[in-house]
Every structure is written in C-alpha cells, then in structure tokens.
Amino acid sequence: MPNRRNVYFFHPKNKETKALVSPLIELAKQYDFHVVDNFDSANIIVSIGGDGAFLQAVRQSGFRDDCLYAGVTTSDQLSFYCDFHIDETDKMIEAITTENIEVRRFPVLQTQIDQGTSFYCLNECSIRSGVIKTFSLDVFINENHFEAFRGDGMIISTPTGSTAYNKSVSGAVVDPLIPCMQVSELASLNNNNYRTLGSSFILSAEHTLTLKLSNDNNHNPIIGIDNEALNARQVDQIQIRLSDRQIKTVKLKDNSFWQRVKRTFL
Ligand code: NAP
Ligand code: MN
C-alpha cells in the first residue's frame, strides 16, 4: 500500500481493547505507517471487533470512498466484513507490504426520509412497525405503484447485507459484484385490500424504490440504517436507491465472498 500511510484504528476505548490494539499500532509503526488519532486524516481505517463494529466504523467515518477499510475480528471466526483475525499479524504484514493491493468494492444504499437528509447503508435499510399492530405502506418502483403492503415491515438490503437480516427472512444471497438492492418482506398480510409479491425481489441501480406510509396507521415505525435506529417521527415516505458511492476493502486471496458464505453457513 505505497500511497496510503495514515491509519486510524477504530475500537471501543476500553482497557481490554486497548491492550489488543497496541500490538497492531506497533506493527503499523514498524512498517512506516502513521497512526493518526482522527479518522478524517486517515486513508486506511481499521475496525476492531466484528461485523457490527465494522458497520459502525464505516458510518461514523462518513462512508468515505477515498479510504480503504479493513475489519479485524476479535472473535474466533472471521466474519463478513472482517478479513483479519486480531492474532493473524503475518496476514496483515502480507497485506500492507503488497505493492499493488487488490481492492473490493461494495455497493451502498442511499436512503432519503421525506425531503430531508440522506443516509447511507452498507447492510440494509429496514422499516418496522413500532407497535404490536401492523402498519401499511404503498411500494413504488420509480413512479409506478407496485404493491400495497401491510404487515411487520420491509428490509431493503445491499448485496453484502444479503447475508445478514435479509437472509433471516429467506432473502437470496447476492454476489456483491452485482450492483443492486433486494427488497424482502417481514410478515406481510395478504387479502383483497393488501397484496404483495410474497417473495423477495431485486432491483438494478437504475431504479428507485419509494415506500409511502399511510397516515391513518403510521404508528411511528422504526427505521433502521444498518445497526442504528433513526429517530424519525411522522414519516411520509422513504426513497431508497443505490448510491454512486462504494466502500473499498482489501481483497485477500482465499477469501472471496462465496468462500466466506461457505465458511459461515455450510
Ligand atoms: P447483532 O445483533 O450483533 O448482529 C446480528 C449478527 O449479524 C451478528 O452475528 C453479526 O456479526 C452479523 N452480521 C452483521 N452484518 C452481517 C453481514 N453483512 N453478513 C452476515 N452477518 C452479518 O448486531 P450488529 O452486529 O450490530 O449487526 C447489525 C446487523 O444485524 C444489521 O445490519 C442486520 O443486518 C442484522 N440484524 C439481523 C436480524 C435477524 O437476523 N433477525 C435482526 C436485526 C438485525 P458480528 O457478530 O460479527 O457483529
Ligand atoms: Mn454484532
């Protein structure tokens, strides 16, 4: 990584993690990296923890596309966004000393609530009823009405998020080389008034999905962007599309997406 020298380590600032991270800081210094204490001046951001920590590192640093992200796991198993185990320093040295490092790019979603700010999502955007009752929404693909949903909620996932929440509701696992988003239902109620496709569907980067909430039973739904809940009251509509932005991570050998799928689930 000859052009990237500024590293930021993203980790919970407690005693245990500090002890785990200090050998990595020493290693980075030994290989002439500058360990910075502000992620804005970093061009490599390393998260320590699991996938949840990686999602937070990407979110808190602002979904930078001029930055290389790397996930280091502290648990026994490698997870989806974590290519390195905290003890595998030889693998880290190999990655940082390779001249032309290969980079993987992950599609990201852009979510806009009403006319407000946009949020990026690396795993998914989810919307769920905040109460024990169902809520309903109309689903539009571009300007066209597609289905009338009533039930618990919906999950709109990225390809890398397809192995997370989306998979738990029988959504398909999608190759991250395909820039797309997958829409999956949470317990839809189907009758003569409300009718949904019933299966997950996948939209290309050309399309925008709009979820219009009806006012009568909009009981403050819970909107999730990856592992964070949005504090949104009285939402009328949510627009979701694929962003131009992508998240870059180091590509290692023997650790393709499908190898990770096999390792985790089969
Ligand atoms: P969590 O409750 O600890 O996450 C649930 C599990 O999902 C953890 O084992 C986590 O791995 C794993 N995970 C996260 N992203 C993944 C991915 N892209 N592919 C495969 N597994 C993944 O919460 P969290 O760690 O903050 O993760 C947030 C994510 O949890 C959300 O974005 C959502 O996708 C998922 N989630 C799943 C359900 C469900 O399946 N019923 C419900 C809510 C949320 P680590 O242990 O390495 O963190
Ligand atoms: Mn977790």
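We count ligands from 1, going down the list as the structure has it; atoms in each ligand are counted the same way.
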* **Axial cation check for Phe106 ring with Lys248, 6.0 Å and 45° limits** => no
* With side chains defined as the heavy atoms from C-beta onward, is the minimum distance between Lys251 and Arg105 less than 4.5 Å? -> no
* Asked: Considering only heavy atoms from C-beta outward, does the side chain of Ile156 approach that of Leu109 to under 4.5 Å?
  -> yes
* Give a yes or no on whether the ring-centroid distance for Phe146 and Phe201 is below 6.0 angstrom. => yes
* Candidates Thr160, Asp51, Thr73, Thr249 - the one meeting side chain to side chain donor-acceptor pair (under 3.5 Å) with Tyr81 -> Thr160
Could you pull out every N or O of ligand 1 that sits under 3.5 Å from a protein N or O, with the distance for each pair?
from     : atom 1 : to     : atom 2 : distance (Å)
ligand 1 : 15 (N) : Asn123 : ND2    : 3.0
ligand 1 : 18 (N) : Asn123 : OD1    : 2.9
ligand 1 : 18 (N) : Thr160 : O      : 3.0
ligand 1 : 19 (N) : Thr163 : OG1    : 2.6
ligand 1 : 26 (O) : Asn227 : ND2    : 2.8
ligand 1 : 32 (O) : Asn123 : ND2    : 3.0
ligand 1 : 32 (O) : Glu124 : OE1    : 3.4
ligand 1 : 32 (O) : Glu124 : OE2    : 2.6
ligand 1 : 34 (O) : Glu124 : OE1    : 2.4
ligand 1 : 34 (O) : Glu124 : OE2    : 3.4
ligand 1 : 34 (O) : Tyr165 : N      : 3.1
ligand 1 : 40 (O) : Ser168 : OG     : 2.5
ligand 1 : 47 (O) : Asp51  : N      : 2.8
ligand 1 : 48 (O) : Asp51  : N      : 3.4
ligand 1 : 48 (O) : Gly52  : N      : 3.0

* Minimum side-chain heavy-atom gap His11-Lys18 below 4.5 Å -> yes
